[in-house]
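Note sheet for the following structure.
This structure is a prediction, so every number in the text was calculated from the model and none was measured. Below, chains carry the letters A, B, ... as their sequence lines are ordered, and counting in each starts from 1.
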Amino acid sequence: MSIIEIDHVSMHFNMSKEKVGSLKEYMIKFLKRQLMFEDFTALDNITLTIESGDVFGIVGLNGSGKSTLLKIISGILKPTTGTVRVVGSIAPLIELGAGFDLDLTARENIFLNGSVLGFSRELMREKFEEIVDFSELREFIDVPMKNFSSGMIARIGFAIATITRPEILIVDEILAVGDFHFQKKCEERISQLMAGGTTVIIVSHTLAQIRRLCRHVMWLEKGKVRMIGTTKEVCDAYEQE
Amino acid sequence: MKPRLEVFLRYRYLLQDLIVKDIKVKYRRSVLGLLWSILNPLFMMLVITAVFERIFKIKVENFPIYYLTGSSIFNFFSEGTQLAMGSVFGASSLIKKVYIPKYIFPLEKVMFAFVNFMFSLVAVIIMFVVLRFPVPWTVVLFVIPAIYVLVFSIGVGLILSAMSVFFRDIVHLYSVLVVAWQYLTPIMYSYDSLPEAVQLFMCFNPMYYFVLYFRDVTMYGIVPGFDLNITCMAFALCSLLAGLLVFKKKQDKFILFI
C-alpha cells in the first residue's frame with residue numbers, strides 16, 4: 001500500500017533579483033514594466049510513490065531540490081503544479097526544535113514545541129519524563145535555552161519529534177549534529193520506529209548511512225529524477241559520478 | 001469542512017501556549033507585571049480627562065467613565081489588529097520549518113488583545129467604585145459587544161496580516177490610519193457634538209456602533225435593540241468573511257515572501 005503519492009509535482013520560484021519590498025517600489029517597477037521575475041525550477045515533474053513501511057533515501061548534490069521535496073511532502077510548501085497525497089501523520093525532522101523560544105526554559109520549550117507539532121497537552125505531560133531522559137539533560141531542564149549548545153538543542157528537538165510513533169518520519173541531515181554517542185542513540189530510535197512499521201524518508205550526504213538504513217533510494221539532479229531504485233543500484237551509480 | 005475543524009482542534013494547544021507566551025514576554029522584567037494592564041488605562045484616563053474636560057471643556061456626563069469604556073473597546077480593536085498585522089511575517093522562522101495552519105498567528109494575536117482587554121476592564125470597575133457610579137444591571141451584557149469586536153478584529157487582522165507579507169508599507173500606513181479612526185469615533189467627545197454632516201458619515205464606521213453598544217450596556221442601562229444587533233453582527237461577519245477569503249487566497253504564497 002502506498003503511503004505517499006507524488007504526482008507530476010513541479011515547484012517554481014520567482015527569483016526576483018531584488019526583493020520588491022514596498023508599495024512605492026512596486027508601483028515604480030510596475031510603471032516601468034520592470035516587474036520581471038526570473039523563473040527558477042526547483043523541482044521538475046517529479047512522480048514518486050513510497051510504499052508503507054519503506055525506508056526511502058534521497059541523495060543528490062546541494063541545490064538538487066531534496067529539501068524542497070521534503071518541505072512539499074510535509075505540507076510546508078505547496079507545489080506550483082501537481083498533487084501530493086499523504087496518508088497518515090508526519091513527524092518532520094527537517095529542522096529540529098522549530099519554534100523554540102530561546103528565552104524560555106527547556107521545560108517550557110518542550111511543551112511549546114509539542115503544541116507546535118500538534119501534540120495534545122495530556123500526551124506531552126505523559127511523555128515529559130521520557131523526553132527528558134532521552135535527551136539526558138535533566139540538570140539543565142530549568143535553564144533558559146539560550147545557554148544551550150546547538151547539540152543540546154538538537155537532542156531535545158529529536159526527543160520531542162519522535163515521542164509518538166508517527167506513520168511517516170522525515171529526517172533531513174539532522175544526524176550530523178550532536179556527538180557520536182547521541183547519533184547512535186538517534187539511529188537506534190529510528191530503527192525502533194522502522195521496526196514498528198513507520199515509513200522513513202532520509203536525506204543525507206553520508207552515503208554509508210544511506211546504505212546502512214535505506215531500502216530504496218532516489219537520486220535527484222537539478223530538480224529532476226535521475227534514478228530511482230534499490231539502494232545498491234542507485235548508490236553505486238551515484239558514487240561512480 | 002470537517003478536516004479543517006479537526007486541524008483547528010489539534011492546534012488549539014498551540015493557540016493557548018502562544019497566548020501565554022505573549023503575556024509572559026510582555027511583562028517580563030517589569031515589577032508590576034500584569035498590573036500595568038489596569039494602571040495604563042487609568043493613567044491615560046487621567047491625562048485625557050484633564051485635557052479634554054478641563055482644557056477643551058467637553059460636556060459629557062461622567063466623562064472619565066465615558067472615555068474609559070470607549071477607549072478600552074477601541075484599544076482592543078487597535079491593539080489586536082496591529083499585532084495581527086505583523087504576526088505572519090513575525091512567525092517566519094516557524095512557518096518555514098513546520099506545517100502549522102497559518103491563520104493561527106493573526107488569530108492568536110487578536111485573542112491575546114482580548115485577554116488584555118479583559119484585564120483593562122478591571123480599570124473600568126475601579127472607576128465605577130471610585131466615582132460611586134450607579135452601575136446598571138445590563139452591564140452583564142458587556143460580553144456581546146466584546147465578541148462582536150473580537151470577530152470584527154479577526155477579520156481585519158487576517159486581511160492586514162496577509163497583505164503586510166507582500167507590502168510592509170501597510171504597517172506604517174495602518175498605524176496612522178488607526179489613530180485617525182480613533183479620532184473619528186466618538187470616544188473623547190459625544191456623538192451629539194458632531195456637525196450633522198459628519199453624523200451622517202458615522203453610519204459607515206463599524207467602531208461607532210461597537211462603542212455605542214458597549215456604552216449602552218455598561219453605562220446607560222439600555223438593552224440594544226434588534227437594529228443595532230443586526231448592524232454589529234453584519235459588520236463583524238462581513239469582516240470575518242472577507243478576512244478568511246483574502247487569507248485563504250494568499251496563504252500559499254506567504255512562504256515565498258517571508
side-chain contact (heavy atoms from CB on, under 4.5 Å) between Val116(A) and Leu94(B), worked out: CA-CA 9 Å; Val116(A) 164; Leu94(B) 260 185; 3.9 Å; yes

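Residue Lys26(B) places its NZ atom among more than 12 non-hydrogen atoms of other residues, nucleotides or ligands, all under 6.0 Å distant. In Phe119(B), the CZ atom is not crowded: 12 or fewer heavy atoms of neighbouring residues, nucleotides or ligands sit closer than 6.0 Å.
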Could you pull out every donor-acceptor pair under 3.5 Å between side chains of residues 159-166 of chain B and any protein atom, sequence neighbours left out?
residue: Ser161(B); atom: OG; partner: Gly157(B); partner atom: O; Å: 3.1
residue: Ser161(B); atom: OG; partner: Leu158(B); partner atom: O; Å: 3.0
residue: Ser164(B); atom: OG; partner: Met85(B); partner atom: O; Å: 2.7
residue: Ser164(B); atom: OG; partner: Leu160(B); partner atom: O; Å: 3.1
residue: Ser164(B); atom: OG; partner: Ser161(B); partner atom: O; Å: 3.2

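Heavy-atom pairs under 4.5 Å with chain A were tallied for Leu15(B), Asp17(B), Leu9(B); the largest tally goes to Asp17(B). Highest contact tally toward chain B, considering only Ser115(A), Gly114(A), Gly75(A), is held by Ser115(A) [criterion: heavy-atom pairs under 4.5 Å]. The choice from Lys78(A), Arg121(A), Met124(A) that makes the most heavy-atom pairs within less than 4.5 Å of chain B is Arg121(A).
The two residues Phe119(A) and Tyr13(B) have their closest heavy-atom pair at O-CD1, 3.9 Å. Nearest heavy-atom pair across Ile95(B) and Ile76(A) is O-CG2, 3.3 Å.
Atom CG in Asp101(A) sits 4.0 Å away from atom NZ in Lys21(B) (nearest 0.5 Å). Going from atom CG of Leu14(B) over to atom CG of Leu112(A) covers 7.0 Å, rounded to the nearest 0.5 Å. Distance NZ/Lys97(B) to CZ/Phe100(A): 10.0 Å, rounded to 0.5 Å.
For chain A, no part of Ile104(B) is nearby; none of its heavy atoms comes within less than 4.5 Å. In this structure, chain B has heavy atoms under 4.5 Å from both the backbone and the side chain of Leu117(A).
Applying the salt bridge (charged side-chain N to carboxylate O under 4.0 Å, His left out) test to Glu108(A) and every residue at least two apart in sequence or in another chain returns Lys24(B).
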